[in-house]
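All remarks here apply to the structure that follows.
We're numbering straight along the sequence, starting at 1. Both ligands and their constituent atoms are indexed starting at 1 by order of listing. Remember, predicted model here, so these are calculated numbers, not experimental data.
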Amino acid sequence: MGGLMVRVAIIGGSGVYGFPVEEPKDVTVETPYGPVKLRVGLLDGEEVAFLARHGEGHSVPPHKINYRANIWALHELGVERIIATSAVGSMNPEMKPGDFVILDQLMDFTVSRPRTFYDGEESPHEWKFVAHVDFTEPYCPEIREALIRAARELGLSYHPRGTYVCTEGPRFETRAEIRAYRILGGDVVGMTQCPEAVLARELEMCYASVAIVTNFAAGMSGRKLTHTEVVELMGKKGEEIVRLITR
Ligand code: HPA
């Protein structure tokens with residue numbers, strides 16, 4: 001990517017398909033995992049990259065996202081810090097639809113996704129070795145702190161920590177699964193933090209994620225879940241998300 005140096009990236013999840021940056025430029029970054037389209041622009045004078053996780057028009061389901069290409073592309077641009085958004089279901093009665101959760105922990109229940117850059121001999125790049133990264137604290141404490149401060153200053157309804165359970169999807173969970181995840185200590189459930197957060201750590205980028213509760217998880221409300229309610233809630237929170245991240 002000839003000469004572009006972008007230090008901060010925003011990854012928009014469900015409902016966040018763009019970001020109001022100035023002087024927007026659409027760029028395509030080639031990676032060993034395929035090309036990635038993203039937008040670069042100025043936010044408050046800082047050059048930032050914006051990447052829509054689910055692609056144009058939300059065309060890629062969570063289990064098919066090319067997470068490695070996405071994270072590699074951001075690294076290629078020089079990105080050091082990533083702020084991601086993720087729509088989640090809540091299994092914690094205190095975390096209600098519309099609330100923000102500045103995630104501090106996660107559990108990985110995905111089953112079929114490529115999840116590492118350190119694939120030994122199979123790696124499509126020059127690192128053929130084996131590596132095991134520390135993941136005790138999966139989220140960047142500095143960006144988390146900044147997000148918590150911004151959420152407080154903006155008077156948003158937020159929770160300063162929360163444990164994210166990552167499921168494979170694309171189906172929503174069963175009542176029994178949600179009961180089990182609650183017992184294990186989960187607060188919210190979604191389908192995309194793994195391997196996204198893992199891959200950012202593998203490339204030593206500081207990654208944090210603000211989760212937006214769009215619904216109570218399966219069996220918590222006595223109602224069926226629909227993707228429509230996720231999209232509708234996100235539509236209502238769009239403006240607050242932009243203010244939070246910009247701050
Ligand atoms: N489950 C999994 N992923 C989700 C949910 C949910 O209830 N809501 C938004 N993303």
Worksheet item: Are Gln193 and Tyr139 close enough that a side-chain donor and a side-chain acceptor fall under 3.5 Å?
Response: yes
Worksheet item: Any chance the side chains of Glu202 and Thr116 put a donor and an acceptor closer than 3.5 Å?
Response: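 There is such a pair (donor and acceptor under 3.5 Å, judged by atom type) between the side chains of Glu202 and Thr116.
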For ligand 1, which of its N or O atoms have a protein N or O partner closer than 3.5 Å, and how long is each gap?
from: ligand 1; atom 1: 1 (N); to: Glu173; atom 2: OE1; distance (Å): 2.8
from: ligand 1; atom 1: 1 (N); to: Glu173; atom 2: OE2; distance (Å): 3.3
from: ligand 1; atom 1: 7 (O); to: Asn215; atom 2: ND2; distance (Å): 3.0
from: ligand 1; atom 1: 8 (N); to: Gly89; atom 2: N; distance (Å): 3.2
from: ligand 1; atom 1: 8 (N); to: Asn215; atom 2: OD1; distance (Å): 2.7
from: ligand 1; atom 1: 10 (N); to: Ala87; atom 2: O; distance (Å): 3.3

Fill in: Any side-chain heavy-atom pair of Thr192 and His54 under 4.5 Å
yes
Worksheet item: Mind checking who shares a hydrophobic cluster with Ile178, ILVMFWY linked at side-chain heavy-atom distances under 4.5 Å?
Response: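 Met91, Met107, Phe109, Val165, Tyr181, Leu184, Val189, Phe216, Met220, listed by chain and number.
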Worksheet item: Would you say Cys194 and Cys166 have SG atoms less than 2.5 angstrom apart?
Response: no
Worksheet entry | Residue that, paired with Glu240, satisfies side-chain hydrogen bond (donor to acceptor under 3.5 Å, both in side chains) out of Lys237, Arg243, Lys236 |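 Of the listed options, the one satisfying the test is Lys237.
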